[in-house]
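Reading through the structure tokens given below for one structure.
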Amino acid sequence: VQVQGQFFMVDCGEGTQLQAKKYGVKLSKIDHILISHLHGDHFYGLIGLLSTMHLYGRKKVLNLVCPPGLSEIILIQMKHSQTYLNYKINCIEWVPNEPQLVLDLPKLTVHTIPLHHSVACSGYLFREKPKMRRLNAEVIPERLNVAQIIALKNGEDILNDDGTIKYENKAVTLPAAREFSYAYCSDTKYLPGLAKMIQKVDLLYHEATFMEDMKDRAENTFHSTAAQAALVAQSAEVKQLIIGHFSTRYRDLNLLLDEAMLIFANSSLAREGEVFEIK
Ligand SMILES: [Zn+2]
Ligand SMILES: [Zn+2]
């Protein structure tokens, strides 16, 4: 996930490093890794990635947001392989079953979204903070200094020496861009109550391991169907839905997409390498 120049890795299965290389994702830019739960397909790539960051000479602190127990797993692996990382990991272990603020950064926040899976599992809600007003350069006749630019972006007027208004803010700036939001809902059984935690997000990723013909199987294995993912999207009134985490039994993923689209039209498949941009 990329937000205003900040890079987040959300879950880290085997093969993550190969895919990062293939799609040109710079590992050195990633300052935050968020793990949803401790099933192998969501974190078995992590130790390798942490070691690679070390070998590449990383010095910056890495924020690791994760379920309880992951720091212990990492420490044991590092201890017995006598690996000493040359950077610090700031481990933020969340409490299961309650929404919690886990990252409060200058431009955005990330909260956990408690899910219902066979082990402790949380999704993540990314929300941009209010943005600054934008300068309308076309109507400003002179070059402004940095202090003046910051003042205008903060919504203040620019004054003359005698205290009269030189540039009225509204006349020379445009409204701030809207704040965007993204909800990542990892492995979970159908949770109708999820909708109220992710109301009106711009983009929702929701797992869809099965189709409705395997509804019982989904229930028993704490997973969802494509239709259930779409129902969550519909009742949360999100703008766009991405479904993923498909069972390998489905050769034709369009069947899952069709099932979702019958309920929520603006649905897409999370295909390998696909990029979704919120504008
Ligand atoms: Zn799982
Ligand atoms: Zn999984």
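Within the 6.0 Å centre-distance limit, the rings of His42 and His245 are counted as a close aromatic pair.
Between His32 atom NE2 and Tyr124 atom OH the span is 13.0 Å, to the nearest 0.5 Å. The distance from the SG atom of Cys12 to the CD atom of Gln19 is 11.5 Å, given to the nearest 0.5 Å. How far SG of Cys185 is from CD1 of Ile242: 11.5 Å, rounded to the nearest 0.5 Å.
Under the side chain to side chain donor-acceptor pair (under 3.5 Å) rule, Tyr167 has a single partner from Glu156, Gln148, Glu142, which is Glu142.
Judged by distance alone, the side chain of Tyr87 and the main-chain N or O of Leu50 form a donor-acceptor pair under 3.5 Å. A donor-acceptor pair is defined here as one N or O able to donate and one able to accept, closer than 3.5 Å; such a pair exists between the side chain of Glu93 and the backbone of Ser71. Remark: side-chain polar atoms of Glu212 are not paired, donor with acceptor, to backbone N or O of Ala227 under 3.5 angstrom. Judged by distance alone, the side chain of Tyr190 and the main-chain N or O of Leu231 form no donor-acceptor pair under 3.5 Å.
When the shell of 6.0 Å around CD of Glu72 is examined, it contains 12 or fewer heavy atoms from other residues, nucleotides or ligands. More than 12 heavy-atom neighbours from other residues, nucleotides or ligands sit within 6.0 angstrom of NZ on Lys131. Within 6.0 Å of CZ on Phe7 lie more than 12 heavy atoms contributed by other residues, nucleotides or ligands. Around the NZ atom of Lys88, the shell of radius 6.0 Å holds no more than 12 heavy atoms that belong to other residues, nucleotides or ligands. Other residues, nucleotides and ligands contribute only 12 or fewer heavy atoms inside 6.0 Å of the NZ atom of Lys21. The environment of Asp162 atom CG is dense: over 12 non-hydrogen atoms of other residues, nucleotides or ligands sit within 6.0 angstrom. Around CZ of Arg143, the count of heavy atoms belonging to other residues, nucleotides or ligands within 6.0 Å does not exceed 12.
Judged by distance alone, the side chains of Thr112 and Gln100 never bring a donor and an acceptor atom under 3.5 Å apart. Using modelled atom types, one finds no donor on one side chain facing an acceptor on the other under 3.5 Å when comparing Glu128 with Ser181. Asp157 and Asn169 form no side-chain donor-acceptor contact under 3.5 Å, judged by distance and modelled atom types alone. Side-chain contact annotation: Asp11 with His37, donor-acceptor N/O pair under 3.5 Å absent.
Contact between Leu105 and Lys129 at its shortest, heavy atoms only, is O-NZ, 2.8 Å. Closest non-hydrogen pair, Ser267 versus Ala260, comes out as OG-CB, 4.0 Å. In terms of heavy atoms, Cys91 sits closest to Cys66 at SG-SG, 3.6 Å. Taking all atoms of both residues into account, the shortest heavy-atom contact from His117 to Thr188 is ND1-N, 4.1 Å. Across all their heavy atoms, Ala229 and Ile243 have their closest contact at CB-CG2, 3.9 Å.
Between Asp31 and Arg58 there is a salt bridge, since a side-chain N of the basic residue sits under 4.0 Å from a carboxylate O of the acidic one.
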>> Please determine whether ring-ring contact (aromatic ring centres under 6.0 Å, His included) holds for the pair Phe126 and Phe8, giving the CA-CA distance in whole Å, both sets of side-chain angles, and the decisive distance to 0.1 Å.
In response: CA-CA 10 Å; Phe126 293 77; Phe8 304 80; 5.3 Å; yes
>> Show, in sequence, the C-alpha distance, side-chain angles and deciding distance for Arg127 and Glu179, and conclude whether the salt bridge (Lys or Arg N to Asp or Glu O under 4.0 Å) test is met.
In response: CA-CA 7 Å; Arg127 259 187 208 292; Glu179 305 90 53; over 6 Å; no
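A continuous path of hydrophobic side-chain contacts links Leu204 to Phe264 [ILVMFWY only; heavy atoms under 4.5 Å].
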